[in-house]
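Below is one structure, written out as structure tokens; comments come after it.
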Amino acid sequence: DGGITQSPKYLFRKEGQNVTLSCEQNLNHDAMYWYRQDPGQGLRLIYYSQIVNDFQKGDIAEGYSVSREKKESFPLTVTSAQKNPTAFYLCATSGTSGSFSYNEQFFGPGTRLTVL
Amino acid sequence: QKEVEQNSGPLSVPEGAIASLNCTYSDRGSQSFFWYRQYSGKSPELIMFIYSNGDKEDGRFTAQLNKASQYVSLLIRDSQPSDSATYLCAVNMRTDSNYQLIWGAGTKLIIKP
């Protein structure tokens, strides 16, 4: 069964804690992305990776970190430095890297993070 | 500044009518354009993409692209209550060394039975 999985679906964090959100894909896609979505707003890019062991900051990378040790996996850590982390986090993949102009992305089901 | 603009809505359309969703973008050199549907609490799903000027039809959905006017639209014919969702427009724009999908904030569509 091909697709993108994200876990957990819901996550609660106390202030000052780091938490890691999982994203796994078996689509054999090269590129992976993390977005943040706040209520009533569009998607904002946090980090993206076009190839294993390489990743770039997006528009709102402060307070977040990522790794890309395997093609299938792109975990996102929300650190205590992120002052307002409550949001809906979406992982996406693309079969082509960012060097191509045709860049349709496919999304996992998302993780809803709430800071208590 | 690379931007994609959408009217936030809500856009209310009677069941069976045509819903028209619009999107403008800032980068004249953009080559590919996408429409995603997002139900409340769910992740976006791709419903249409278009690369060339003109119309592209897929079932009840038609995407229209006018590169000269930097305008892309989505028409939904015979609107159904199940079409009620937020529709996100995304445009692939060139950055310094790459291409990046730039997202609009979405238009909330409500189909009234």
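All values reported here derive from a predicted model rather than from experimental measurement. Labels below follow one simple rule: chain letters A, B, ... track the order of the sequence lines, proteins then strands, and each chain is numbered from 1.
In the hydrophobic clustering of this structure, Tyr47(A) groups with Leu11(A); members are Ile, Leu, Val, Met, Phe, Trp, Tyr whose side-chain heavy atoms approach within less than 4.5 Å, directly or through other members. Trp35(B) and Val13(B) end up in the same hydrophobic cluster when Ile, Leu, Val, Met, Phe, Trp and Tyr side chains are linked at under 4.5 Å. In this structure, Val4(B) is a member of the same hydrophobic cluster as Ile50(B), with clusters built from ILVMFWY side-chain heavy atoms closer than 4.5 Å. When hydrophobic clusters are built by joining Ile, Leu, Val, Met, Phe, Trp and Tyr residues whose side-chain heavy atoms come closer than 4.5 Å, directly or via intermediates, Phe106(A) is not grouped with Phe61(B). In the hydrophobic clustering of this structure, Leu76(A) groups with Ile60(A); members are Ile, Leu, Val, Met, Phe, Trp, Tyr whose side-chain heavy atoms approach within less than 4.5 Å, directly or through other members.
Of all heavy-atom pairs spanning Tyr36(B) and Glu104(A), the tightest one is OH-C, 4.0 Å. Minimum interatomic distance between Ser43(B) and Pro109(A) (heavy atoms only, all atoms of both residues): OG-CA, 3.8 Å.
Of the atoms belonging to Arg112(A), it is side-chain heavy atoms, and not backbone ones, that fall under 4.5 Å from chain B. For chain A, the nearby part of Gln38(B) is the side chain; its heavy atoms alone come within less than 4.5 Å. Contacts between Leu46(B) and chain A at a heavy-atom distance below 4.5 Å involve the side chain alone, from C-beta outward. Neither the backbone nor the side chain of Phe33(B) comes within contact range of chain A, judged by heavy atoms closer than 4.5 Å. Interface residue Gln37(A): only side-chain heavy atoms are found under 4.5 Å from chain B.
In this structure, Lys2(B) places its NZ atom where more than 12 heavy-atom neighbours from other residues, nucleotides or ligands lie under 6.0 Å away.
Separation of the Phe107(A) and Trp103(B) ring centroids falls under the 6.0 Å cut-off.
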Would you please test Leu101(B) and Tyr35(A) for side chain to side chain contact (heavy atoms under 4.5 Å, CB included) and show each step? CA-CA 11 Å; Leu101(B) 264 188; Tyr35(A) 290 94; 4.3 Å; yes
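Between Leu43(A) and Pro44(B), some side-chain heavy-atom pair lies under the 4.5 Å cut-off.
Between the CD atom of Gln105(A) and the CG atom of Asn92(B) there is a distance of 8.0 Å, given to the nearest 0.5 Å.
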